[in-house]
Amino acid sequence: EAGVAQSPRYKIIEKRQSVAFWCNPISGHATLYWYQQILGQGPKLLIQFQNNGVVDDSQLPKDRFSAERLKGVDSTLKIQPAKLEDSAVYLCASSWVKREQFFGPGTRLTVL
Amino acid sequence: GQQVMQIPQYQHVQEGEDFTTYCNSSTTLSNIQWYKQRPGGHPVFLIQLVKSGEVKKQKRLTFQFGEAKKNSSLHITATQTTDVGTYFCAGRQTGANNLFFGTGTRLTVIP
């Protein structure tokens, strides 16, 4: 069974630029999550989708972050404009409803 | 809001020693999950606990869920160098859809 795929693996941008991350979940998983993990901290949920609907985006900084999950499969997370404090690893995970989450390798973002 | 704290933040042990990490939630949880993240890697699911007072074992790992469903622990017996990593608990508040990850305990095993 293929795992969760993410791209790119690394991204370096300057502040005020925009960036987008892509995630392909495990086939059949209805729930998709985007997490932000700052170095030395636990993953923080940004947004959770159930199929193509948003279940929870209470911790998503909506003035600069946006996410979509077209057709209930792949998802993209965008930051525009980026700030220095956005430097982190962005993890995508997928699961069956309320079951264990399978994480992708993450995208390490550095904002200069 | 919900908070999930873990102690200790760091733990260094000699190979063969035991290790325990504790997880405490500010709210009652419907279930709790444990994940392991190797250095440079991503979190990998270990186990889920659902029932009050539940105890589960996986080889040298023992997981407990507190009677009040607000705390949990992970105990590793006779640590090995392969146990190195950060252990996170993640709790789901009763009625909620999302998980709150704890602050993590970073384990170093000295050979």
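Here is how names work: the chains are called A, B, and so on, in the same order as the sequence lines, proteins then strands, and each is numbered from 1.
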Practice task
Might you confirm whether atom CZ of B:R60 has over 12 heavy atoms from other residues, nucleotides or ligands at distances under 6.0 Å?
Solution key: yes
Practice task
Tell me whether B:W34 is reachable from B:V109 by hopping between hydrophobic residues (I, L, V, M, F, W, Y) whose side-chain heavy atoms are closer than 4.5 Å.
Solution key: yes
Practice task
Treat each ILVMFWY residue as a node, draw an edge where side-chain heavy atoms are under 4.5 Å apart, and state whether A:I79 and A:Y35 are in one component.
Solution key: no
Fill in the blank from the handout: Scanning both residues in full, the closest heavy-atom pair of A:Q59 with B:F100 reads NE2-CE2, 4.1 Å
Handout entry: Residue part contacting chain A, namely of B:Q37, when any heavy atom lies under 4.5 Å
Key = side chain
Exercise for the section: Give the cluster check for B:V13 versus B:I76: same hydrophobic cluster or not, with ILVMFWY residues linked at side-chain heavy-atom distances below 4.5 Å. Expected result: yes
Exercise for the section: Working to the nearest 0.5 Å, report the span between CD1 of A:I47 and CG of B:N98. Expected result: 12.0 Å
Practice task
Step through it carefully: locate the ring centre of A:F103, locate the ring centre of B:F45, and say whether they are under 6.0 Å apart.
Solution key: no
Practice task
Say whether B:L61 and B:L49 are linked into one hydrophobic cluster, either directly or through other cluster members, by side-chain heavy-atom distances under 4.5 angstrom.
Solution key: yes
Handout entry: Linked, directly or transitively: A:L46 and B:L99 (ILVMFWY side chains, under 4.5 Å)
Key = no
Practice task
Would you mind reporting whether B:H42 and A:L91 have side-chain heavy atoms less than 4.5 Å apart?
Solution key: yes
Exercise for the section: Let me know if A:Q101 has heavy atoms under 4.5 Å from chain B in its side chain, its backbone, both or neither. Expected result: both
Handout entry: Region of A:Q50 that comes under 4.5 Å of a non-hydrogen atom in chain B
Key = neither
Fill in the blank from the handout: Tightest non-hydrogen contact, residues A:Q37 and B:F88, listed as NE2-CZ, 3.6 Å
